[in-house]
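Structure record follows, encoded as structure tokens.
Reminder, nothing fancy here: chain letters follow the sequence lines and each chain counts from 1.
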Amino acid sequence: MGIKKEKKENVSRRDFFLKSGAIAGGVVFVSLLDPLKAVFAVKEPKDKRKKWYGIGIDIEKCIGCASCARACKKENDVPKEPFFFRNWVEQYTITNEGDIKVISPNGGIDGYKQTVPEANIYKTFFVPKMCNHCAKSPCTQVCPVGASFESEEGLALVDQSYCIGCGYCVQACPYGCRYIHPDKGVVDKCTLCYHRLKKGLDPACMMVCPTGARMYGDLHDKDSKLSKFIKDNNCVVLKPQLNTGAKLYYNALSQEVH
Amino acid sequence: MPLQVKRLLLVFGFFIGSMIVLIHFLTPDSFYQFGHYRGKALDEISNHEAKYVDVKSCAMCHDSIAAVKDSSFHKSINCETCHGPGYKHIEDPEKNKMDKPQDREFCIICHAKNPARPQKEIKQIDAVEHNKGEVCITCHNPHKPWE
């Protein structure tokens, strides 16, 4: 064919191992370097005086009135249709046979109709859900334009004037906390009422909660209400196996909740 | 180096160069101010209007009702939980009235019997049988339910 066949070189076994070892070692070393870290996430500030927000929900106190869901919709102009929520309340019912039933009519706003007869209920409880404001959020990592991000306070926020509405983050969130706003065409989600925090007010959902089941606070401040709540109770996060660094702590959460 | 490789390198170089120029001009000003996002977005988000005002603002005018509520079982409830957001009412109290829920349906949002509701947190009634057809507020004062 005109092309000279190259001479087959003899690579010794020792050479092969040395070279592939060097390449593998180099790749591992480079991946450890800070700017090239595989997990693109906000770093918890080393300075413990800086705020690092977390949320706490006491399931034992939740009465399932969904005042939080109602207030959130009013405060943040969330569309009234029953599939757009920044936060919502689910009722879990575990029957004597071990079946798990989850209902959330219009996010709890329409009230709950128990279909399981009381004699057949093993256990039932409410679980309010909202953005977990994860420290290693899957949603912010997948954003192709840098519109979803995590602020230095540890809040997962959306830059709505920069979002292209691709919906990748909606799929990436394992907790289902994002939606595409039907009028704006961009992603909308819980901001922990960032605009209220900056004005010195509590988030709307926490302010209206009649039993004080919801709380937020600075995880760096060991005297904050939230830090004490986590310390005094046996708190867990949702889907810990996903290593999202969720910062929404539930007290008395049953293992059936997912 | 063969000619075709030289040409390919030239095309590659042109592409990379133009990308660098484009990125320089298309990146918004405050991008990378704090991280891989527009720093100004934080200001934009925090500029939203807060619609739920604080309970202190309610008590400035309605101090007697607030005192009654604070002495009763409903003391842990914020005024705006039932009466709705008050940001417009504060600006012009005459024109913008707060919600005044009167219906039975409103009370049973919290007080209907449900095995999932913690007994010690809230008094519950059978929403169907309890004084059928009556409106709750004929017997109960919502600010002091046991009087």
Next item on the list: Check whether more than 12 heavy atoms from other residues, nucleotides or ligands sit under 6.0 Å from atom CG of A:Asp232, and answer yes or no.
Entry: yes
Checklist line | Atom group of B:Phe31 that falls short of 4.5 Å from chain A, counting heavy atoms | finding: side chain
Next item on the list: State, to 0.1 Å, how close A:Ser161 and B:Arg38 come at their nearest heavy-atom pair, and which atoms those are.
Entry: OG-NH2, 2.8 Å
Next item on the list: Determine whether B:Pro28 and A:Tyr162 make a side-chain contact, defined as any pair of heavy atoms from C-beta on separated by less than 4.5 Å.
Entry: yes
Notebook entry, point to check: Yes or no on side chain to side chain contact (heavy atoms under 4.5 Å, CB included) for B:Ile109 and A:Arg70, after CA distance, side-chain angles and deciding distance?
Noted result: CA-CA 12 Å; B:Ile109 288 174; A:Arg70 245 173 252 121; 3.6 Å; yes
Note to self: Looking only at heavy atoms and a cut-off of under 4.5 Å, which of A:Tyr112, A:Phe125, A:Tyr92, A:Phe126 has the most pairs with chain B?
What the structure shows: A:Phe126
Margin query: Contact between A:Met206 and B:Asn78 at the side-chain level, heavy atoms closer than 4.5 Å - yes or no?
Written below: no
Margin query: So which atom in A:Lys74 and which in B:Tyr52 form the shortest heavy-atom distance, rounded to 0.1 Å?
Written below: CD-OH, 3.5 Å
Note to self: Determine whether B:Tyr37 and A:Asp159 satisfy the following criterion, side chain to side chain contact (heavy atoms under 4.5 Å, CB included), listing intermediate values before the conclusion.
What the structure shows: CA-CA 8 Å; B:Tyr37 58 93; A:Asp159 179 353; 6.0 Å; no
Next item on the list: Pick one of side chain, backbone, both or neither for A:Cys68, based on which atoms fall under 4.5 Å of a heavy atom in chain B.
Entry: neither
Next item on the list: Please assess A:Phe149 against B:Leu42 for the test side chain to side chain contact (heavy atoms under 4.5 Å, CB included), listing each intermediate value before the final yes or no.
Entry: CA-CA 10 Å; A:Phe149 60 94; B:Leu42 288 174; 3.9 Å; yes
Check: For atom CD of A:Glu97, is the number of surrounding heavy atoms from other residues, nucleotides or ligands below 6.0 Å larger than 12?
Finding: yes
Check: Given a strict heavy-atom distance threshold of 4.5 Å, which part of B:Glu49 is in contact with chain A: side chain, backbone, both, or neither?
Finding: backbone
Next item on the list: Check the pair B:Ile122, A:Thr211 against side chain to side chain contact (heavy atoms under 4.5 Å, CB included), reporting the backbone distance first and the verdict last.
Entry: CA-CA 9 Å; B:Ile122 184 152; A:Thr211 56; 5.8 Å; no
Note to self: Quick check on A:Tyr168: does its OH atom have over 12 non-hydrogen neighbours (other residues, nucleotides or ligands) under 6.0 Å away?
What the structure shows: no
Check: Of the non-hydrogen atoms in A:Val208 and B:Thr81, which two are nearest, and what is the gap between them?
Finding: O-OG1, 2.8 Å
Check: So how far is it from B:Lys120 NZ to A:Lys61 NZ, rounded to the nearest 0.5 Å?
Finding: 8.5 Å
Checklist line | Which of A:Lys198, A:Glu75, A:Gln160 touches chain B most, by non-hydrogen pairs under 4.5 Å | finding: A:Glu75
Check: Checking heavy atoms, do the side chain of A:Cys143, its backbone, both or neither come under 4.5 Å from chain B?
Finding: neither
Margin query: If I measure from the heavy atoms of chain B, does A:Lys199 come under 4.5 Å with its side chain, its backbone, both, or neither?
Written below: side chain
Note to self: For A:Gln91, which atoms come within 4.5 Å of any heavy atom of chain B: side chain, backbone, both, or neither?
What the structure shows: side chain
Notebook entry, point to check: When only pairs under 4.5 Å are counted, which of A:Gly212, A:Ala213, A:Cys65 shares the most heavy-atom pairs with chain B?
Noted result: A:Cys65
Notebook entry, point to check: So which heavy atom on A:Arg196 is nearest to which on B:Ala50, and how close?
Noted result: NH1-CB, 3.7 Å
Next item on the list: For residues B:Ser76 and A:Pro210, report the shortest heavy-atom separation together with the two atoms involved.
Entry: OG-O, 2.6 Å
Item checked: Atom NZ of A:Lys80 with >12 non-hydrogen neighbours under 6.0 angstrom -> yes
Next item on the list: Give the member of A:Gln114, A:Lys123, A:Glu60 that has the highest number of heavy-atom pairs under 4.5 Å with chain B.
Entry: A:Glu60
Check: Can you name the closest pair of heavy atoms from B:Pro115 and A:Ile121 and give their distance?
Finding: CG-CD1, 3.9 Å
Checklist line | Which atoms of B:Val53 approach chain A - backbone, side chain, both or neither, heavy atom under 4.5 Å | finding: backbone
Check: With only heavy atoms counted, which part of A:Ile63 is less than 4.5 Å from chain B, the side chain, the backbone, both or neither?
Finding: both
Check: Looking at B:Lys51 and A:Asp77, does any basic side-chain N land under 4.0 Å from a carboxylate oxygen?
Finding: yes
Notebook entry, point to check: Does atom CG of A:Asp47 have more than 12 heavy-atom neighbours, drawn from other residues, nucleotides or ligands, at distances under 6.0 Å?
Noted result: yes
